[in-house]
Amino acid sequence: MTTALIFLPLAGALLVWLLPLPGRASGVLATLIGLAEVALWAVAVRQFDFAQNLQLEDRQSWFDDLGVSYHVGFFGFSLWLAGLTVVVCAAGIGYATWANPERARAYQGLLLFLTGSIVGVFAAQDLLVFYVFFEAMLIPLYVLIGVWGGERRAFATVKFVVYTMAGSLLMLASIIVFGLSQGTFDLVDSGVSSNDWVFLGFLAAFAVKAPLFPFHGWLVDAYRESPPEVAAILSGVVSKAAVYGLFRIAIAKFPEPVQEFQVPILVAATIGLVYGSLLAFRARDVRSVTAYSSMAQMGLIVMGLFSLNELGINGAILQSVAHGLVSATLFLLAGMLETRTGTSAFARLGGLARGRPELATVLLVVGIIALAVPGSVSFAGEFLILAGIYAEGWAWAAIGAGAIVLAAMYMLRLISAVLHRSRGEAVRDEALDLRPAELAVVLPLLAALLFLSASPNSITERNFPIPGSDVSEAAR
Amino acid sequence: MTAGAWICLLAPLAGAWTITVMGDTISRRAAAWISTLSVFVAFGGALATFVGLLRRGEEERAALTTAWTWLSTGNFEVGLTLLVDPLAATMMLIVSGVGGLIVLYSVGYMDGDPEERRYFAYMSFFVFSMLLLVQAGNFLILLVGWGLVGLASYLLIGFWHERREAVAAAKKAFIMNAFGDATMALAFFVLIWQTGTLELAGAFEGAELMSSTALNLVALGLLGGAVAKSAQIPLHTWLPDAMEGPTPVSALIHAATMVTAGVYLIVRAHPLFELAPSIQDLAAGLGAVTLLVAGLVALVQTDIKRVIAYSTMSQIGYMFVGVGLGAYGSGMFHLLTHAFFKALLFMAAGLVIHHLAGEQDIRRMGGVRSVMPRTTVAFLVGSLALVGIPPLSGFFSKDSILAAALASGGYGQVLFAAGLVGALLTGVYTFRLFFVVFLGAPSPLVEQHAQGDGSGHGHGEGPWTMTVPVAVLTVLAVVGGWVQIAGVWHPFGDWLEVVAEPLVEPSVTQDYVASVLAVGLGLLGMGIAWLVYAARKRELPRTAAVRDVLEHKLYFDELYDAIFYRPAVWIAGIWRRWIEEPLIGGSISGVTLGARRAGGALGEAQSGYLRSYALAIAAAVAVLVVVFVAVQ
């Protein structure tokens with residue numbers, strides 16, 4: 001089952017590349033494969049028993065003497081991250097079909113390849129398998145940004161490559177040391193380690209990927225120069241590979257170093273939260289605001305993970321799904337704005353709400369969920385994260401709560417700069433409301449967000465089978 | 001009974017959803033009537049709930065009902081739970097009853113606005129959110145309702161979104177309230193870790209074992225939310241600006257319902273406040289300060305809606321004094337009567353504004369009585385009720401708060417004195433408004449609209465959808481106070497007593513002393529207003545400095561600008577210029593520069609990039625090492 005979920009989009013990528021279809025047709029084919037992947041994931045959810053741990057396992061020995069095997073499977077929480085992946089990627093592929101870029105066959109194939117690799121990351125139960133998928137995920141991204149990106153794509157790509165390569169190399173070194181010292185690369189079979197340097201090697205890769213302050217140098221350029229659907233996948237889904245890595249590898253395998261480095265990591269995450277929020281507040285265009293707010297949100301999620309209690313970790317997973325959907329929708333909307341006005345700069349936008357009710361409603365609802373209005377799924381996630389981190393010290397929670405006010409400031413600024421006030425110079429009368437095809441892409445994402453807002457518990461009660469720590473016990 | 005509560009809650013949500021999803025397949029008028037119907041259905045549900053409660057014995061008047069678990073992790077679980085008890089039922093009746101009248105009024109007021117559908121979707125959504133707030137069965141759902149009313153308020157203040165001032169006012173309201181949400185969330189974190197639950201009863205029980213520091217923090221966090229939502233000093237500056245919204249919005253959200261949520265919260269969470277008496281005293285003190293300051297500022301405002309807005313702040317200050325001293329029944333009683341007469345004042349003002357095609361400056365009004373006699377009567381009734389002249393509703397409720405203050409020892413007597421000064425101020429600013437707008441010779445603007453200028457405005461007093469709600473509220477503003485007469489009968493207080501037992505019981509003598517003094521000072525205030533603004537026998541003592549301070553609303557806006565907004569902008573600018581651009585290299589200018597170079601010699605430039613990124617990564621690692629070393 002898990003293998004099928006990984007290899008359906010990879011095989012789909014090959015199919016799209018090989019079939020000599022014209023642009024739109026290959027897009028439609030890719031969209032169908034993306035939707036089939038969503039359906040397959042739904043089947044996996046039905047088969048999954050959320051009262052149990054690791055399931056849907058597939059295991060094939062690879063290098064016996066080194067203890068390497070092809071080992072994949074899902075936990076409750078990683079199945080949700082995979083679900084986020086297949087939904088956002090299907091939306092991205094659908095949007096690309098509508099936008100119909102040049103060399104669409106190559107493009108769509110790369111998006112499918114990316115989808116399969118990310119699912120592979122979330123399913124990996126062996127460190128080398130994890131590494132292979134982690135790198136496989138980056139290659140299509142380099143090409144997608146470098147070839148189809150905006151004007152300054154070369155610059156953005158090189159920066160992205162250098163940062164992620166540096167992180168990956170450190171992680172590879174750590175994987176080798178860890179695997180050889182344990183005698184196995186399997187994440188289930190291996191024990192724990194107390195080696196600080198090996199831990200820091202993993203941490204470096206995930207800190208770049210998240211990104212965590214101050215490793216975010218690649219972030220804004222990559223998010224600004226990517227095609228919108230690539231930015232959506234990059235910020236919404238790829239960043240969550242860091243969440244999986246931090247939880248499944250760093251926290252699970254390095255209990256001592258985690259305790260030791262908990263405070264510095266929390267400091268970096270908190271700085272990232274405040275720093276990203278303030279820079280988002282002063283950013284000058286839709287994409288930059290979304291980019292910096294993503295950085296802030298990742299800081300918050302890492303705070304939740306490193307609260308090391310059940311409230312915080314459960315909140316971090318919920319918030320990962322919520323932020324993934326929100327951020328992806330915002331980047332897709334940024335793309336839709338750019339096709340209408342040629343810009344996402346606030347100075348040239350404004351007044352788009354007049355006569356465009358669908359665009360206005362969609363942007364407003366997503367923006368409101370992004371700023372975590374009470375009752376939204378992102379509020380539920382933030383509430384759990386901050387309630388969890390409160391146990392580590394009230395100051396963390398107080399700063400985090402302050403950042404919620406900052407989030408309101410930057411998201412409301414974005415909403416009114418785009419939709420309200422007098423009409424911006426780039427907004428022409430011909431700029432249409434959302435077309436049916438565009439609605440077909442964003443409405444499912446919006447519906448997912450609204451459903452999860454009505455019942456965030458559909459995720460939180462299914463993340464972990466056994467309550468790890470007891471809140472009321474902790475009080476005593 | 002719980003079915004009634006769910007119908008009450010969900011009908012307005014269904015209304016908002018229908019209007020949103022139907023879009024322009026239904027006419028604007030249909031949207032207006034769907035919204036009105038949805039709120040009246042909610043009122044029906046509230047009535048059913050009320051009757052259901054009445055039928056039960058006094059001790060059994062509370063029921064919890066859970067739809068599903070909203071959020072859970074480990075043993076921490078929060079349901080989508082409603083609590084139906086006398087306090088909730090009272091608020092449900094006020095919110096859906098007054099709300100229904102105001103939405104009906106909107107049918108006339110918003111007629112012809114091209115975005116009517118959006119307006120009515122928002123209005124229904126607001127009523128839903130407010131009902132969720134008052135029916136919430138645990139603190140987290142209460143916070144959800146709390147946040148959603150703030151959202152609805154944001155949407156409706158900024159309804160005319162092409163007006164720069166409206167957009168700015170909407171953002172300000174939301175952000176100040178987000179601050180209140182944040183302090184409430186912090187209070188809940190303390191509760192979660194100290195008591196293990198956010199259920200009301202469980203938290204109250206667990207709170208008795210908490211340390212006084214923790215209790216003070218919890219109460220302070222809740223008070224932060226209450227002060228922000230109810231526009232009490234120091235988190236009040238958003239309310240006057242909120243008058244940028246359509247007038248029915250001001251009547252519903254910024255007078256009758258949402259802004260009184262802080263009072264409701266203190267009553268609902270009174271066991272926590274009683275365990276933290278210093279914070280409860282603080283609530284009463286902030287209320288007293290607010291009622292004085294707002295009363296003073298109201299004296300010099302020239303916008304008809306802003307005068308009423310400051311009056312709202314001031315009256316909520318009275319309610320805070322009441323509930324802060326533990327006179328929960330009195331505070332809630334004033335909340336009830338205030339909903340009637342303040343909604344009436346806003347809606348009567350709305351008739352005038354509507355008649356004058358949107359003019360809100362009282363210096364251009366005058367002599368409106370000659371063209372709108374019935375509106376004049378309605379406004380006069382509202383004004384008399386506001387000043388607290390017997391036998392109108394405000395008399396009974398305000399005096400009941402003052403008597404409680406008189407009975408609350410030394411601190412209470414200070415607050416009592418403040419309340420009396422406030423009564424004088426209320427008389428002055430209320431009748432200044434009445435005399436300037438309604439009496440005297442018609443101003444040129446009023447004359448112009450009396451003849452009708454073909455703009456569709458200026459036709460009589462307004463359509464029936466607007467005049468009928470005003471008439472109903474006029475009656476309620478007169479008789480609404482008769483459910484509680486000091487020393488004679490007090491069904492309202494008894495009704496709420498099972499939820500929140502009052503801490504003070506004023507004697508009959510204290511009741512009479514408070515009444516005589518308050519009414520006397522109110523009349524004196526009206527007299528002063530008559531001399532200065534109607535008979536024009538006295539000039540105002542013009543002390544330029546005082547006037548300046550009042551007209552700048554005591555410089556709160558300037559202060560917050562200087563200590564919050566500017567530093568945030570400044571820090572962000574510093575970080576961008578000195579950290580983000582040079583060290584991390586994500587800047588716009590850096591990118592432009594890089595791109596320009598890249599155009600020339602890509603290969604060479606890239607190797608240049610590589611060096612600088614290696615440097616940036618090294619710098620990042622160095623920063624992290626420093627942080628690690630510093631922290632450990």
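Just so it is clear: chains get the letters A, B, ... in the order the sequence lines come, proteins before strands, and each one is counted from 1.
- With a 4.5 Å cut-off on side-chain heavy atoms, A:Y390 and B:I192 do not count as touching.
- Ranked by heavy-atom pairs under 4.5 Å with chain A, the first of B:I571, B:L155, B:I141, B:V569 is B:V569.
- In this structure, chain B has a heavy atom under 4.5 Å from the side chain of A:L371, while its backbone stays farther away.
- In terms of heavy-atom pairs under 4.5 angstrom with chain A, the leader among B:F179, B:W146, B:W68 is B:W68.
- Residues A:V274 and B:W575 meet the side-chain proximity criterion, which asks for heavy atoms closer than 4.5 Å.
- Here B:K171 contributes atom NZ and A:M409 contributes atom CE; the two are 9.5 Å apart, rounded to the nearest 0.5 Å.
- Using modelled atom types, no side-chain atom of A:R282 and backbone atom of B:R576 make a donor-acceptor pair closer than 3.5 Å.
- Of the two parts of B:L209, neither the backbone nor the side chain holds a non-hydrogen atom closer than 4.5 Å to a non-hydrogen atom of chain A.
- By number of non-hydrogen pairs under 4.5 angstrom with chain A, the leading residue of B:T183, B:L140, B:L132 is B:L140.
- Neither the backbone nor the side chain of A:I459 comes within less than 4.5 Å of any heavy atom of chain B.
- A pairwise comparison of heavy atoms in A:S416 and B:V167 identifies CB-CG1, 3.4 Å as the closest pair.
- Heavy-atom distances place the backbone of A:S376, and not its side chain, under 4.5 Å from chain B.
- Formation of a donor-acceptor pair under 3.5 Å by the B:W193 side chain with backbone atoms of A:G388 is not found in this model.
- Neither the backbone nor the side chain of A:I404 comes within contact range of chain B; no heavy atom of the residue lies under 4.5 Å from a heavy atom of that chain.
- A search for side-chain hydrogen bond (donor to acceptor under 3.5 Å, both in side chains) contacts involving B:T197 returns nothing, not counting sequence neighbours.
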Point to revise | side chain to side chain contact (heavy atoms under 4.5 Å, CB included) evaluation trace for B:Y154 with A:I415 | key: CA-CA 12 Å; B:Y154 161 79; A:I415 289 169; 4.0 Å; yes
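- Between chain B and the residues A:P456, A:A407, A:A408, the largest count of heavy-atom pairs under 4.5 Å involves A:P456.
- Atom CD of B:E162 is surrounded by more than 12 heavy atoms from other residues, nucleotides or ligands within 6.0 Å.
- Neither the backbone nor the side chain of A:L406 comes within contact range of chain B; no heavy atom of the residue lies under 4.5 Å from a heavy atom of that chain.
- Between the CD atom in A:E310 and the OG1 atom in B:T73 there is a gap of 3.5 Å [rounded to 0.5 Å].
- Salt bridge status for A:R354 with B:E115: present, with a side-chain N to carboxylate O gap under 4.0 Å.
- No side-chain heavy atom of A:V405 sits under 4.5 Å from any side-chain heavy atom of B:F564.
- No donor-acceptor distance shorter than 3.5 angstrom exists from the side chain of A:W394 to the backbone of B:V190, with no hydrogens or angles considered.
- Contacts with chain A were tallied for B:A170, B:G23, B:S72, B:G150; B:S72 has the most, counting heavy-atom pairs under 4.5 Å.
- For A:Y275, the parts lying near chain B are the backbone and the side chain together; criterion is any non-hydrogen pair under 4.5 Å.
- Between A:L384 and B:F76 the shortest side-chain heavy-atom distance falls below 4.5 Å.
- For the residue pair B:V144 and A:G375, the shortest heavy atom distance occurs at CG1-CA, 3.5 Å.
- Residue contact with chain B, scored on non-hydrogen atoms closer than 4.5 Å, involves the backbone of A:S453 exclusively.
- Listed by first and then second residue, the salt bridge (charged side-chain N to carboxylate O under 4.0 Å, His left out) pairs involving residues 373-402 of chain A amount to none (not counting sequence neighbours).
- Using cut-offs of 30° and 60° on the angle between ring planes, the pair A:F383 and B:F188 is tilted.
- Rounding to the nearest 0.5 Å gives a distance of 14.5 Å between NZ of B:K172 and CG of A:L412.
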